[in-house]
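No experiment lies behind these values; they were computed from the predicted model shown. What you see below is based on every heavy atom in this structure, not just the backbone, and it leaves out hydrogens, waters and symmetry mates.
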Amino acid sequence: MSEYIIELVNLNKKYDTKAVVKDVNLKIKQGEFVTILGPSGCGKTTTLRMIAGFEQPTSGQILFGGKDIAGLPPYKREVNTVFQKYALFPHLNVFNNVAFGLKLKKIVDDNGKEIKLKDTLVKQIVYDKDHNPTNETKLVKLKKAYKYKTINTKKGAPKLKKVNLWKEYIDEKVKKALKIVGLSDYETRNVNSLSGGQQQRVAIARAIINEPKILLLDEPLGALDLKMRQEMQLELKEMHKKLGITFIYVTHDQEEALTMSDTIIVMRDGKIMQKGSPMEIYNEPVNAYVADFIGEANIFDGIMKKDKLVNFCGVDVDCVDVGFAENEPIEVVIRPEDLVVKKPGQGFIDGVIKSSMFRGVHYEASCIANGYEFIIHSTKEYPAGTEVSLSVDPFDIQIMKIEVRKNVVPVVFKSENTFSLYDEIYEFDPIAFFGEQTSSLDYIGKEGVVSIEFDKVDMTDDEWDAPLSGNVESMIYKGKNYFVTIRTDNNKHIFANTEYLWDKGDRIGIRIKPEDFTFEGFESIEEIKEEIKNEI
């Protein structure tokens with residue numbers, strides 16, 4: 001028996017030509033609380049829906065206990081789902097809402113036939129005319145089975161009562177589920193009279209009454225206010241402990257993920273960026289995207305001078321990282337709470353406090369040093385204008401490899417001095433591209449590869465005044481500039497550096513000067529095309 005209750009193997013999902021989940025591989029252990037975290041459109045909900053059976057994967061496997069269930073309908077999977085919209089039945093009270101799924105539950109009988117649970121054959125004791133049990137039994141459907149038990153009347157006199165076993169079974173299961181979610185005395189309440197948090201508990205009770213081995217939760221706290229969300233985070237964690245089943249939780253809220261999870265899966269563009277415990281994800285992000293998405297972070301471009309020595313913001317700083325090439329470009333992450341404020345000259349860099357704001361449990365200060373902005377969290381207030389020095393423990397400096405160093409994209413040469421990039425026409429200088437041998441090259445109609453440095457991509461708010469247009473997908477602040485990911489209208493990515501702050505989703509035009517294209521060659525074009533294809 002596998003130690004993993006569910007495994008996703010090379011899981012892919014496409015809608016037409018657009019890939020929303022790309023080669024996802026994931027193993028989840030029995031009893032884990034796993035959170036899939038990421039922004040809207042990253043593929044997290046689609047992944048959850050494929051596990052639930054509401055979506056079929058384009059390719060790949062969903063292994064449940066080692067068996068592929070990708071082709072099974074939802075009701076045949078030992079999973080239940082709680083959605084952001086609770087989908088409670090307004091005409092049913094709390095009891096009947098919770099019992100609804102149980103009444104429809106199906107099982108496979110001894111003959112391999114699929115039947116409703118209430119139609120299961122059970123042994124019925126045969127009673128005599130005085131309602132005394134005999135030694136005889138007969139097979140009847142569970143919904144018609146009964147027993148007699150003694151109850152006390154209001155006056156205290158004993159009395160025999162005929163009890164339907166199916167109704168008794170439902171009653172016990174509903175009461176147990178409501179007790180787990182803290183709604184023991186709410187059976188007869190109208191669901192419309194409940195608060196948002198109480199309705200969410202009813203939805204959870206309805207999901208757990210069938211005793212699924214996996215409970216899927218798709219942003220179930222999204223409709224609640226901040227205080228209620230925080231309360232429900234703790235309650236969900238407690239429910240997870242009581243039930244002992246596997247929770248797979250989807251959210252874009254970092255606080256929820258850090259508060260509740262045993263394991264966090266960070267997704268972007270249909271791919272898993274990092275998997276780890278909340279502490280690992282927070283303290284050891286694998287790239288700038290994860291560092292920026294989880295909590296607050298100071299992120300800078302830097303150079304790894306040698307083992308245990310990094311240069312960023314114009315200064316050399318001791319660190320603990322090894323294994324990088326000498327003078328390799330890298331990215332540096334320092335959490336705001338790890339920066340220590342000292343007197344001028346006592347830290348690795350001197351600066352001036354630009355602003356300070358009280359955040360409830362700490363002060364958040366902005367410090368300008370060597371032209372870069374550092375965000376500091378401290379229990380002590382440092383007024384604007386204060387000259388300071390910043391210090392950091394070498395263990396608190398996270399060094400990360402740079403995933404993308406420049407835009408590398410395929411083009412098709414249309415004429416002597418034009419090519420198409422993502423279906424838009426750009427001009428270029430043949431001699432600057434190919435050198436003096438241009439006249440001997442037969443490149444028209446061929447595919448090539450060009451590169452563009454990030455800072456050579458000009459972003460404009462007039463999308464009609466540029467060959468390419470798209471939307472700002474994400475921005476990472478690097479102390480004095482922003483690293484921007486732009487998704488073009490062709491569903492491709494262009495990366496840019498800019499000093500200006502844009503909002504996510506902003507429509508922009510993309511301009512690149514002819515002299516800022518660099519010809520990379522005709523080789524490896526298939527690899528580039530495959531990478532671009534995977535982005536779609």
Ignoring hydrogens and geometry beyond distance, is a side-chain donor-acceptor pair present between [X] and [Y] at under 3.5 Å?
| X | Y | value |
| --- | --- | --- |
| Thr418 | Glu427 | no |
| Asn10 | Asn25 | yes |
| Asn298 | Arg335 | no |
| Glu337 | His362 | no |
| Ser366 | Glu373 | yes |
| Asn417 | Asp429 | no |
| Tyr289 | Glu403 | no |
| Thr246 | Glu32 | no |
| Asn311 | Asp316 | yes |
| Glu499 | Asn481 | no |
| Arg268 | Ser474 | yes |

For a 4.5 angstrom cut-off between non-hydrogen side-chain atoms, does [X] reach [Y]?
| X | Y | result |
| --- | --- | --- |
| Lys401 | Glu328 | yes |
| Leu309 | Cys319 | no |
| Ile62 | Met50 | yes |
| Leu63 | Ile6 | no |
| Phe312 | Phe348 | yes |
| Ile399 | Val310 | yes |
| Val21 | Asn12 | no |
| Thr518 | Ile452 | no |

Tell me whether [X] at atom [atom1] has more than 12 heavy atoms from other residues, nucleotides or ligands lying less than 6.0 Å away.
| X | atom1 | answer |
| --- | --- | --- |
| Lys29 | NZ | no |
| Phe358 | CZ | yes |
| Lys308 | NZ | no |
| Glu387 | CD | no |

From CA spacing to verdict: side-chain hydrogen bond (donor to acceptor under 3.5 Å, both in side chains), Thr45, Asp218
CA-CA 7 Å; Thr45 294; Asp218 187 7; 3.3 Å; yes
Parallel, tilted or perpendicular: which describes the rings of Phe434 and Tyr443, with under 30° parallel and over 60° perpendicular?
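The rings of Phe434 and Tyr443 sit tilted, inter-plane angle from 30° to 60°.
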Which class fits the ring pair Phe433 and Phe419: parallel under 30°, tilted 30 to 60°, perpendicular over 60°?
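Plane angle between 30° and 60°, so tilted.
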Verify, without hydrogens or angle tests, whether Arg49 (side chain) and Gln56 (backbone) share a donor-acceptor contact under 3.5 angstrom.
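Checked: no pair found.
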Do you know the tightest heavy-atom contact between [X] and [Y]?
| X | Y | answer |
| --- | --- | --- |
| Ile303 | Pro329 | CD1-CA, 3.9 Å |
| Asp338 | Val392 | O-CG2, 3.7 Å |
| Leu215 | Ala207 | CD1-CB, 3.5 Å |
| Glu520 | Ser451 | OE2-OG, 2.5 Å |
| Asp503 | Val472 | O-CB, 3.6 Å |
| Pro39 | Lys504 | CB-NZ, 3.6 Å |

I'd like to know whether Glu256 forms a side-chain hydrogen bond (donor to acceptor under 3.5 Å, both in side chains) with Tyr249, so could you lay out the CA-CA distance, the side-chain angles of the two residues, the decisive distance to 0.1 Å, and finally the verdict.
CA-CA 10 Å; Glu256 286 182 9; Tyr249 190 97; 2.9 Å; yes
Could you walk me through whether Tyr482 and Tyr500 satisfy the ring-ring contact (aromatic ring centres under 6.0 Å, His included) test, starting with their C-alpha distance in whole Å, then the side-chain angles of each, then the deciding distance to 0.1 Å, before giving a yes or no?
CA-CA 7 Å; Tyr482 296 87; Tyr500 302 108; 9.2 Å; no
Against the six-membered ring of Phe300, is Lys478 placed for a cation-pi contact (under 6.0 Å from the centre, within 45° of the normal)?
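The answer is no, since Lys478 fails at least one limit relative to Phe300.
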Salt bridge flag under 4.0 Å for residues Glu326 and Lys306
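A salt bridge is absent here (no side-chain N lies under 4.0 Å from a carboxylate O).
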Are Tyr363 and Tyr382 an aromatic pair by the rule of ring centers under 6.0 Å?
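No, the ring centres sit 6.0 Å or more apart.
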Please check if the distance between the ring centroids of Phe428 and Phe413 is under 6.0 Å.
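Distance test on ring centres: under 6.0 Å, yes.
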Start with the C-alpha distance between Lys342 and Asp350, add both sets of side-chain angles, then the distance that settles salt bridge (Lys or Arg N to Asp or Glu O under 4.0 Å), and finish with yes or no.
CA-CA 9 Å; Lys342 294 186 176 183; Asp350 291 346; over 6 Å; no
